[in-house]
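All remarks here apply to the structure that follows.
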Amino acid sequence: MSKLVANRNHASGGLEDNFELDFDYPATGSRRRRAATVVAAVWLSTWILHGVSWGIWAGFGLAAVFGLHTVRLLFAPAPEAPPPLSEDTPAMGYPLISLVVAAKNEESVITSLVRNLDALDYPSDRLELWVVDDNSEDRTLSMLKALSSAYPQLHVHSRPLGAQGGKSGALNDVLPLTRGELLGVFDADAQIPATLLRAVVPLFNRSAVGAVQVRKSITNADCNVLTQGQQAEMVLDAFMQQQRIATGGLGELRGNGQFVRRQALMACGGWNELTITDDLDLTFRLHLNRWDIDLLQVPAVQEEGVTRPLALWHQRNRWAEGGYQRYLDYWPMLARNELGRAKTFDMLMFYLTQYLLPTAAIPDMILSWSRNQLPLLMPVTSLAIALSFFGTWVGLQQTYERERREARRFSLIAQSLQATVYLCHWFVVVSSVTLRMAVRPKRLKWVKTQRVGA
């Protein structure tokens, strides 16, 4: 169980003296057992299919279902975004927004971030800025205190020594102090376009929207082949989210550049402190509570891409493990179809390509090699790779059009091929993560991504 209890002492009126949030999260103690059950079931099923004459047809049947889903995704018409708020928008059209950043050892980027937040084109009396210092060991806190004198809108909240919960805990700590109808969460290295808030707000006019994720882009995309791959990956992710939403599937939160309706966040119990990816966990809880998550393509929020292979490996392992944790935690609700038919089918297709295929790839390759057979999953794996290529290609075309840049066909094909090769690292990451989670207990640990700054 998670309970947040705090006092709200603000000079402005209308706020409760006490703030309490009580929510039952699913038990997490059985993650290892559940992960082992999934791995055992996947490996056993793969072994059985290799031993029967119709096993190859099962692979083609799965590929046929996924193929139809792929065609549906690629050709679904994406809805147009509503126009941003204009200068003529009446005052009541500007909801109060609280922007929150959890910062730990961010001295290299914190000054740039605060200046960026202060320069946003939004009425100052409808915007509050909160930065939470999570027991930084560098100069982050002292720099924030100095910045708060120069920027009156900036509020600094320092977590007490020994505070737990990582980023989720930091966000939960400051939640009772915020007043916004909408809460925007950014990472400390975020570079935020001045017009972003005016573009985000209209998406919340639809009452079913509980959150909006802003498309992410890589600031240092030209640094090396890894950052180029991450830039293309962000383009593909945004395109696939756009198409999943268009077909009635799940929109997902990606941490940096996420906006959440306070009403929806409170109903979901705040941020889960028992997961290492707060955004992915909140995604499931929002959908299970019948909220939609929308996507804003333009403008994009920028962040630093990791530049070294080891840093990329650690980051992707954390993302893969956090993403898998939510399936292990919420599977009873997912199995009861609490998402609804369209979202459940979308979630199953995503789970198939993101986790089941890499998990099954190990026994499939071993058995294929030992029996001199073609891999049973080759058809559906080939389709997944093709979807990555075409999704990246279309996504890059759309991005160039939005940014009014010239898109050369040969260049797009080359970038898409390079991105497809780069994305194959996910097979290695996910297969190792699912196996490790099944056989080895792991303490909850947040590994900070190091920032370089400008």
Partners of [X] by ring pair (Phe, Tyr, Trp, His ring centres under 6.0 Å), sequence neighbours excluded?
X      : answer
Tyr122 : Tyr94
Tyr422 : His425
Phe186 : Phe259

For residues 352-359, tabulate all N or O donor-acceptor pairs below 3.5 Å that involve a side-chain atom, not counting sequence neighbours.
| from | atom 1 | to | atom 2 | distance (Å) |
| --- | --- | --- | --- | --- |
| Thr353 | OG1 | Met349 | O | 3.3 |
| Thr353 | OG1 | Phe350 | O | 3.2 |
| Tyr355 | OH | Ala320 | O | 3.0 |
| Tyr355 | OH | Tyr324 | N | 3.2 |
| Thr359 | OG1 | Tyr355 | O | 2.7 |
| Thr359 | OG1 | Thr434 | OG1 | 3.2 |

side-chain hydrogen bond (donor to acceptor under 3.5 Å, both in side chains) pairs touching residues 38-47, sequence neighbours excluded, are none

Could you name each residue pair satisfying side-chain hydrogen bond (donor to acceptor under 3.5 Å, both in side chains) that touches residues 361-375, not counting sequence neighbours?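 Found His50-Asp364, His50-Gln373.
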
Sequence neighbours left out, what passes salt bridge (Lys or Arg N to Asp or Glu O under 4.0 Å) with [X]? Give chain and number order.
X      : result
Asp133 : none
Glu252 : Arg244, Arg254, Arg326
Arg336 : Glu338

What pairs with Trp313 under side-chain contact (heavy atoms from CB on, under 4.5 Å), at least two apart in sequence or on another chain? Asn317, Val428, Val429, Ser432

Determine whether the side chains of [X] and [Y] contain a donor N or O and an acceptor N or O closer than 3.5 Å.
X      : Y      : value
Gln241 : Gln213 : no
Asn337 : Thr344 : yes
Gln164 : Glu273 : no

Decide, yes or no, whether a salt bridge links Arg206 with Asp292 under the criterion of side-chain N to carboxylate O below 4.0 Å.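 Salt bridge present between Arg206 and Asp292.
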
Give every donor-acceptor pair under 3.5 Å between a side-chain atom in residues 374-396 and any protein atom, sequence neighbours left out.
| from | atom 1 | to | atom 2 | distance (Å) |
| --- | --- | --- | --- | --- |
| Thr381 | OG1 | Leu377 | O | 2.8 |
| Ser382 | OG | Met378 | O | 2.7 |
| Ser388 | OG | Ala384 | O | 3.2 |
| Thr392 | OG1 | Ser388 | O | 2.6 |

Which pairs would a plain distance check flag for residues 55-73, meaning a side-chain donor or acceptor within less than 3.5 Å of a matching protein atom at least two apart in sequence or in another chain?
| from | atom 1 | to | atom 2 | distance (Å) |
| --- | --- | --- | --- | --- |
| Thr70 | OG1 | Phe66 | O | 2.8 |
| Arg72 | NH2 | Thr247 | O | 3.0 |

